[in-house]
Amino acid sequence: MSRAIALIDGNSFYCSCERVFDPKLAGVPVIVLSNNDGCAVARTAEAKALGIKMGEPWFKIRDLCKREGVRAFSSNYTLYGDMSARANAVYRDFSPAVEIYSIDESFLDLSDVREDRRVELARDLRATVRAWTGIPTCVGIGPTKTLAKLANHIAKTIPDLGGVCDLSDEDERAAWLCRIHVGEVWGIGRASLAKLEAMGVDSIADLRDLDPRPVRKAMTVVGERIIYELRGVCCLPLELMPAQRKGCAVTRSFSSRIEDRATMEQAVSAHATRMGEKLRRGGLGTTHVSVFYHTSEHDRGDPMRSVSTTVTLPEATNDTLALIKAAREGVSRTWREAPGDRPWRYSKAGVITTDLKLLEESQRALIGQLDRERSAPLMAAMDECNRRFGRGAVVPARAGLEKKRTWSTKFEMRSPRYTTQVSELPTAHAIP
DNA sequence: TCTGGGGTCCTAGGACCC
DNA sequence: TCTGGGGTCCTAGGACCC
């Protein structure tokens, strides 16, 4: 039996999640905006047809949206994450091996399914996901991940295929590869595309037939792997156990510019608080916290400043109090008053770690040990309060967070968290 | 005159992804 | 007024060691 991998993904996933809970959105152009209502990150077919591009800034398309009746939503990650989990539960009914690749994409191992039964199974899968979660999907099947990705792309672009494309058959596959531009291949970005075009590559078939050695020179082993994957040689195995996370970043643009130190300290403290929650969820700790903040490149004419510093902790920790202390230290180390009469107007700040390790396995410090025995129960109690009463219900006083945060991220058009907050459940009206 | 060689680890930067 | 956030992998080059 030949190896077969399927890639299933949600169509305009965030938009589809919104549609599940609001039937009035069917057939209507819908977009979902990034954090801060910055730019469009998901668009339905109707919205794409209006010319709205991926990543287009909201302020540039707002008028168009109003004119054309486009429904715009702020990101509702709580909702999308929950819908994603539901979809994956369905996938697991159809395949013994599922790799969750992103919030809206999963790879399924279909090697045990007979070749002539795969398309049928994929159709059944789509219908079941649609019925059980409300999410429309597309499925691509191929002998490698790269080819499954490509098949998925074909399934999405050719409506006649009914949402499923199987590239298992070698001749059929070869025909498709001649017809599709190399820029569509998973892993070929702007830089690689320019290099390949310079080598005279146009179609995916051209890339597949290239000598891998010079490609490795130009595009590293990544490019070489893509060639083999296109030939049907598997170089990217299914990752069934999610790898332990290596880094963690909490960064946000402010909804308005920040000019004073106290506010900046609040902002990085809020980010550090969030980082603590993320680390504790994985039982991870860090010994280094990098803090950065900078002005905006869009504020032309304003004085520019960008700083970043790394604060070292005595030993690995995920204690919010310790992380806040480090974050504030990062600001106090780098804060300067502007030399002239124009202050720096900061647009974004963040905290980043890149050295995560399992806290239990991490080495204790000889000097300056943190009090883990006290920290763990305190953090657990805080997390439980915030879980029960909503994020931010309990925060350390040390964060210095004020109720009124003029800089906080904007979510002015967010839908309810229909599936995870009892108070936000959708209402059904029964007609007597 | 002649200035080893090989290994590891870390970091910064590039590229790509969703 | 208004332009997102969070990841991964790879390589080159320096520091350091024996």
Side-chain angles (χ1 to χ4, degrees), chain A residues 7 9-10 12-14 31-43 52-63 65 72-77 80-81 84 99-107 145-146 149 152-153 183-196 215-226 235-236 239 242-257 271 274-275 278-279 282 284 287-288 290 292 294-300 302 308 310 345 347-356 406-413:
Chain A
L7 176 70
D9 76 338
S12 315
F13 182 66
Y14 294 174
I31 62 172
V32 172
L33 302 171
S34 64
N35 267 339
N36 249 335
D37 296 343
C39 50
V41 291
R43 307 152 297 148
I52 298 172
K53 299 273 176 299
M54 182 70 176
E56 206 159 0
W58 172 230
F59 75 93
K60 280 189 183 171
I61 52 174
R62 185 155 36 185
D63 289 342
C65 289
F73 290 88
S74 305
S75 301
N76 187 344
Y77 294 113
Y80 311 149
S84 172
E99 172 188 339
I100 299 172
Y101 176 67
S102 73
I103 192 161
D104 76 323
E105 288 173 273
S106 293
F107 289 102
K145 280 183 166 180
T146 305
K149 263 286 219 189
N152 179 277
H153 165 77
E184 302 296 342
V185 174
W186 186 40
I188 304 293
R190 238 192 12 226
S192 302
L193 185 60
K195 286 176 193 162
L196 291 172
V215 173
R216 182 171 182 143
K217 268 244 154 48
M219 293 166 50
T220 79
V221 67
V222 176
E224 187 180 23
R225 279 204 281 254
I226 290 172
C235 305
L236 305 167
E239 314 271 356
Q244 194 202 289
R245 173 215 278 269
K246 300 195 167 82
C248 176
V250 180
T251 72
R252 294 282 183 280
S253 294
F254 307 125
S255 55
S256 57
R257 303 290 185 251
H271 297 344
R274 179 81 191 106
M275 171 173 275
K278 288 168 82 174
L279 297 191
L284 300 166
T287 55
H288 294 83
S290 296
F292 78 84
H294 58 67
T295 56
S296 169
E297 49 197 65
H298 300 294
D299 293 344
R300 249 163 259 151
D302 277 9
S308 144
T310 301
R345 301 172 62 244
S347 67
K348 182 172 179 174
V351 292
I352 300 176
T353 64
T354 54
D355 67 331
L356 299 186
T406 53
W407 47 273
S408 291
T409 310
K410 267 196 282 198
F411 292 99
E412 287 173 353
M413 299 164 281

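No experiment lies behind these values; they were computed from the predicted model shown. Below, chain A is the first sequence line, B the second, and so on; all start at residue 1. Hydrogens, waters and symmetry mates play no part in the numbers below; they use all other heavy atoms, side chains included.
For the salt bridge (Lys or Arg N to Asp or Glu O under 4.0 Å) test, residues two or more places apart in sequence or in another chain that qualify with A:Arg274 are A:Glu277. Under the ring pair (Phe, Tyr, Trp, His ring centres under 6.0 Å) criterion, A:His288 pairs with no residue, sequence neighbours left out. A:Asp104 pairs by the side chain to side chain contact (heavy atoms under 4.5 Å, CB included) definition with A:Asp9, A:Phe13, A:Ser102, not counting sequence neighbours. In this view, A:Ser75 and A:Tyr77 satisfy the side chain to side chain donor-acceptor pair (under 3.5 Å) rule, not counting sequence neighbours. By the ring pair (Phe, Tyr, Trp, His ring centres under 6.0 Å) test, A:Phe254 pairs with no residue at all, sequence neighbours left out. Listed by chain and number, the residues in a ring pair (Phe, Tyr, Trp, His ring centres under 6.0 Å) with A:Phe411 amount to none (sequence neighbours excluded). Partners of A:Ser192 under the side chain to side chain contact (heavy atoms under 4.5 Å, CB included) rule, at least two apart in sequence or in another chain, are A:Ile188, A:Met219.
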*Mark up nucleotides 7-18 of chain B, 5' to 3', with B wherever a protein heavy atom is under 4.0 angstrom from a base atom, S wherever such an atom reaches only the sugar-phosphate, and - elsewhere.*
--------SSSS
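Counted by atom type alone, A:Thr409 and A:Asn35 present zero donor-acceptor pairs between their side chains at under 3.5 Å.
For the pair A:Met54 CE and C:dT3 P, the computed distance is 17 Å after rounding to whole Å. Distance A:Asn35 CG to C:dG6 P: 7 Å, rounded to the nearest Å. Between the CD1 atom of A:Ile61 and the P atom of C:dG4 there is a distance of 13 Å, given to the nearest Å. Following rounding to the nearest Å, A:Phe59 (CZ) and C:dC2 (C1') show an atom-to-atom distance of 6 Å. In this structure, CG of A:Asn36 is placed 8 Å from P of C:dG4, rounded to the nearest angstrom. Between the C1' atom of C:dT3 and the CD atom of A:Glu297 lies a distance of 9 Å, rounded to the nearest Å. C:dT3 atom P lies 15 Å from atom CZ of A:Arg252, rounded to whole Å. To the nearest angstrom, P of C:dG4 lies 12 Å from NZ of A:Lys410.
On the C1' atoms, B:dG4 is 16 Å away from C:dC16, given to the nearest whole Å.
At the phosphate of C:dG6, OP1 or OP2 sits under 4.0 Å from a side-chain N or O atom of A:Thr251. Contact check, A:Lys348 against C:dT3: no side-chain N or O comes under 4.0 Å of OP1 or OP2. The phosphate of C:dG5 (OP1 or OP2) has a side-chain N or O of A:Ser253 nearer than 4.0 angstrom.
With respect to A:Asp302 and A:Arg257, no salt bridge is recorded, no charged nitrogen being found less than 4.0 Å from a carboxylate O.
Closest non-hydrogen pair, A:Asn36 versus A:Ser253, comes out as ND2-O, 2.8 Å.
Base-pairing analysis of DNA chain B finds the following stems of at least three consecutive Watson-Crick or G-U pairs, with both pairing distances under 3.5 Å: B:5-18 with C:5-18.
Each of A:Asp37 and A:Lys278 was matched to the nucleotide of DNA chain C holding its nearest heavy atom; the match closer to the 5' end belongs to A:Asp37. Looking at which nucleotide of DNA chain C each of A:Arg216 and A:Ser255 is closest to, the 5′-most match is held by A:Ser255.
In this structure, A:Arg62 reaches the bases: a heavy-atom distance under 4.0 Å links it to at least one base atom across the strands shown. Across all strands shown, A:Gly55 has no heavy atoms under 4.0 Å from either base or sugar-phosphate atoms. As judged by a 4.0 angstrom heavy-atom cut-off over every strand, A:Arg225 is placed among residues touching the sugar-phosphate backbone only. Among the heavy atoms of the strands, none lies under 4.0 Å from A:Lys60.
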